[in-house]
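Remarks on the structure that follows.
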Amino acid sequence: MSVLVFADSSEGKFKKTALEVVSYGKKVAEQLGTNVVALTVNAADSSELYTYGAEKVIAVSNDAFNTFNAKQYGAIVTEVAKKENATVVVVDSSIDGFYLAPMIAVHLEAGFATNVVDAPSNTNPFTVKRKAFSNKAFSNTVISTENKVIGLAKNSFGIHENPVSGTTENFEASIIDSGVTSENIEKVTGKVTIADADVVVSAGRGLKGPENWGLIEDLADVLGAATACSKPVSDLGWRPHGEHVGQTGKPVASNLYIAIGISGAIQHLAGINASKVKVVINTDAEAPFFKAADYGIVGDAFEVVPKLIEKLKAFKAA
Amino acid sequence: MKILVCISHVPDTTSKINFTESDTKFDTNGVQFVINPYDEFCLTRAMWFKEKQGATVTIVNVGGAETEPTLRKALAIGADNAIRVNASPTDGLQVAKELAAVVKTGEYDLVLAGKESADYNGQMVPGMLAALTDFNFINGCVGIEVDGTTVSATREIDGGNETLSSSLPIVIGGQKGIVEEKDLRIPNMRGIMMARKKPLNVIEPVAAEIATNIESFQKPAPKGAVKLVAADNIDELISLLHNEAKVI
Ligand SMILES: Cc1cc2nc3c(=O)[nH]c(=O)nc-3n(C[C@H](O)[C@H](O)[C@H](O)COP(=O)(O)OP(=O)(O)OC[C@H]3O[C@@H](n4cnc5c(N)ncnc54)[C@H](O)[C@@H]3O)c2cc1C
Ligand SMILES: Nc1ncnc2c1ncn2[C@@H]1O[C@H](COP(=O)(O)O)[C@@H](O)[C@H]1O
């Protein structure tokens, strides 16, 4: 028996969610009285994972696996899970994590719980707390199959150091015919993505028009933040679709979410309320967002934001 | 081309979420149910294929009789026929196994499902369905073209898009972008009339095993009141974010 975590990396470097799933896997392994095994694919240096409790790392490296392919990656995780007798497999909630995990669940005949926010409250029956109804509630879900796959919600369990002296084993994974070929990847480079960001600066229709987004970008720059927007803003074409956050857009689970000129409609809040700290700037003291926020300024974005940028610059410089 | 669109029947996005029976059941009282928003995008794309390239469009739901108005709405939008698998959808793997049985019997070429459903947010059914049928699979799809049996699709990745090529048969997990918001269809009077006569076949489940079960629900802890900072006192906001919230 073991707990297997898939520690996803990008261009050889571990993502933050990888460290979080290792931390989580370590915790579950302790609860089950077993070890955690971390699987890496084409990561440059796996030893970083020892810090978070991975006693054993299985390192797969092969140029054939340079671009993510769901079926192929699913097959690798399945192969390693079987080899390591893993009864629990943990993946992150990234776009790719959600892409491959359901296939692993089928291959392992495992019950699959996604959006899990905490360590199991009980291991027999195996019970986990999950987000449900677009973050408007939680469910306590029992997984009754022998094998279990867990999709860990981002920024929920946290990253915990737990240094162990680990070992790394290289593993030659089988290459399968996945039926899907990557033709082209288009990525904005040098920009923090919403999925990776600790801080997200988001703006809504209160900004009046696309020409005013310089303000939002400047604020995001000072904070090293990703930029996001409400749905109407992307529908109007003021900002790209990829920035639309909310129930029907991207989920945000950052440490800090700053909402500027966003009213706080239920569909917007559903997608962002997993963020730890919410700040709202809005001219209307009655805007529903103030009920969901931790800190608020009732004021005009065009006056408040430039001041905020200036003060933050001074703060960062100090 | 034979297209199957998987439709999940979910609370309207504005719904207030409450529970009954000591927090073990979702309270459907006063809740309006709709076609899952992601499935609506998929259905609209299916209609496009039907009109532009010729295809039959079947919709399927795993659920009780209460989902039939949602299925009729999808028929009114233009699907040709509907299948309801008469089982209570408890778990993603169970639903996927029921759908896989439908896919195999109907020999569909293109299976469209939403990338996630707005109720239990499993984000699992399309991937499981692909694995169970051994069809090709593209998730988070924001664009798809089919030429003969060749599929070209775009999916969203972190910070951008990836273009992929594949072939039929395929399962697609779709989202906004597969069609644009403005192209979504609202059923018209004629569609509604026609939908009444379209076949809605109720079939019995293959009785797939249930792998996960919800024991209870819980609402998030109530939020403390917002701390308001005066617009001319930005220093205080920065100090609160730094010293109290510790996020900058
Ligand atoms: C099925 C469905 C799904 C949806 N999904 C989403 C989703 O995923 N994400 C999402 O965001 N929305 C979603 N919506 C839309 C949602 O209901 C709201 O319409 C939307 O969030 C409102 O966007 P907004 O706050 O930018 O605009 P508005 O509601 O127009 O609010 C603008 C705000 O800006 C304030 N303001 C104006 N001027 C200033 C100024 N100078 N300085 C500061 N503040 C100012 C105003 O007081 C107001 O509160 C969905 C709707 C439906 C029906
Ligand atoms: N009960 C169901 N009946 C038919 N299709 C479903 C059902 N549940 C989920 N789906 C499909 O699977 C997609 C993803 O759902 P989920 O995995 O539950 O988040 C949905 O958008 C639907 O297309």
Side-chain angles (χ1 to χ4, degrees), chain A residues 70-71 94-95 98-99 102-103 105-107 111-115 127 131-134 136-145 179-188 191 193 195 223 235 241 247-248 255-256 266-267 277 290 292-299 303-304 307-308 311-312 315, chain B residues 11 13-14 17 19 37 91-93 96 118-128 130-132 136-140 156-167 176-177 181 211-220 223 226-229 231 234-235 237-238 240-242 245 247-248:
Chain A
K71 260 196 192 177
S94 62
I95 291 177
F98 269 129
Y99 198 162
M103 288 190 267
V106 167
H107 297 319
F112 178 25
T114 48
N115 288 316
T127 314
K131 295 192 262 190
F133 294 101
S134 308
K136 291 175 201 163
F138 297 100
S139 76
N140 295 303
T141 299
V142 171
I143 312 178
S144 46
T145 42
V180 175
T181 313
S182 176
E183 301 289 349
N184 183 37
I185 290 182
E186 249 174 70
K187 245 183 174 170
V188 208
K191 242 195 118 196
T193 64
L223 290 165
D235 288 345
H241 279 306
Q247 179 165 354
T248 54
N255 289 332
L256 174 61
I266 190 165
Q267 298 99 344
V277 175
F290 284 106
D294 301 279
Y295 303 102
I297 292 181
V298 179
E303 288 163 22
V304 175
K307 272 196 269 171
L308 182 57
K311 298 274 188 185
L312 277 171
F315 168 79
Chain B
T13 53
T14 55
I17 304 297
F19 305 104
D91 164 55
L93 192 55
D119 47 4
Y120 301 101
N121 307 100
Q123 298 192 240
M124 52 177 91
V125 167
M128 288 178 163
L132 290 165
N136 293 325
F137 177 43
I138 295 174
N139 201 21
E156 194 168 59
I157 55 172
D158 218 8
N161 284 322
E162 179 180 24
T163 315
L164 303 144
S165 61
S166 188
S167 60
K176 177 166 130 181
E181 180 97 18
T212 65
N213 204 24
I214 293 176
E215 237 180 19
S216 62
F217 292 100
Q218 169 181 349
K219 296 243 236 158
K223 239 192 123 24
V226 60
K227 273 195 189 165
L228 287 181
V229 176
I234 304 286
D235 287 328
L237 179 68
I238 291 176
L240 284 167
L241 292 178
H242 181 63
V247 285
I248 59 170

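So you know, we letter chains A, B, ... as the sequences are listed, proteins then strands, and number each from 1. Note that these values count all heavy atoms, side chains included, but never hydrogens, waters or copies made by symmetry.
A donor-acceptor pair shorter than 3.5 Å can be found between the side chains of B/T13 and A/Q267.
With a 4.5 angstrom heavy-atom cutoff, B/L237 touches chain A only via side-chain atoms. If you measure heavy-atom distances from B/L93 to chain A, the contacts under 4.5 Å come from the side chain alone. With a 4.5 Å cut-off on non-hydrogen atoms, B/P11 touches chain A through its side chain but not through its backbone. For B/E181, the part sitting under 4.5 Å from any heavy atom of chain A is the side chain, from C-beta outward, and nothing else. In this structure, the portions of B/P220 lying under 4.5 Å from any heavy atom of chain A include both its backbone and its side chain.
The number of heavy-atom neighbours closer than 6.0 Å to NZ of A/K311, taken from other residues, nucleotides and ligands shown, is 12 or below.
Your options are A/V304, A/V277, A/N255, A/D235, and the one with the most heavy-atom pairs under 4.5 Å with chain B is A/D235. The greatest number of non-hydrogen atom pairs below 4.5 Å with chain B, out of A/S134, A/G111, A/A113, A/A70, is found for A/S134. Contact count versus chain B (heavy atoms, under 4.5 Å) is highest, among A/A292, A/A132, A/S139, for A/S139. Looking only at heavy-atom pairs under 4.5 Å with chain B, the residue among A/E186, A/K307, A/K191 that has the most is A/E186. Contact count against chain B (heavy-atom pairs under 4.5 Å) is highest for A/T181 among A/I266, A/T248, A/T181. The candidate from A/G299, A/S94, A/A137 with the greatest count of non-hydrogen atom pairs under 4.5 Å with chain B is A/A137. Comparing B/A231, B/A131, B/S165 by how many heavy-atom pairs each has under 4.5 Å with chain A, the most go to B/S165. Contacts with chain A were tallied for B/G140, B/A96, B/S166; B/S166 has the most, counting heavy-atom pairs under 4.5 Å.
A/K136 approaches B/K219 most closely through the heavy-atom pair O-CD, 4.5 Å.
Under the 4.0 Å criterion applied to side-chain N and carboxylate O atoms, A/D294 and B/K223 are assigned as salt-bridge partners.
Note: B/N139 CG to B/L164 CG = 11.0 Å, rounded to the nearest 0.5 Å. In this structure, CD1 in A/I95 is found 8.0 Å from CD1 in B/I157, a value given to the nearest 0.5 Å.
In this structure, A/F133 and B/F217 have tilted ring planes: the angle between them lies in the 30° to 60° band.
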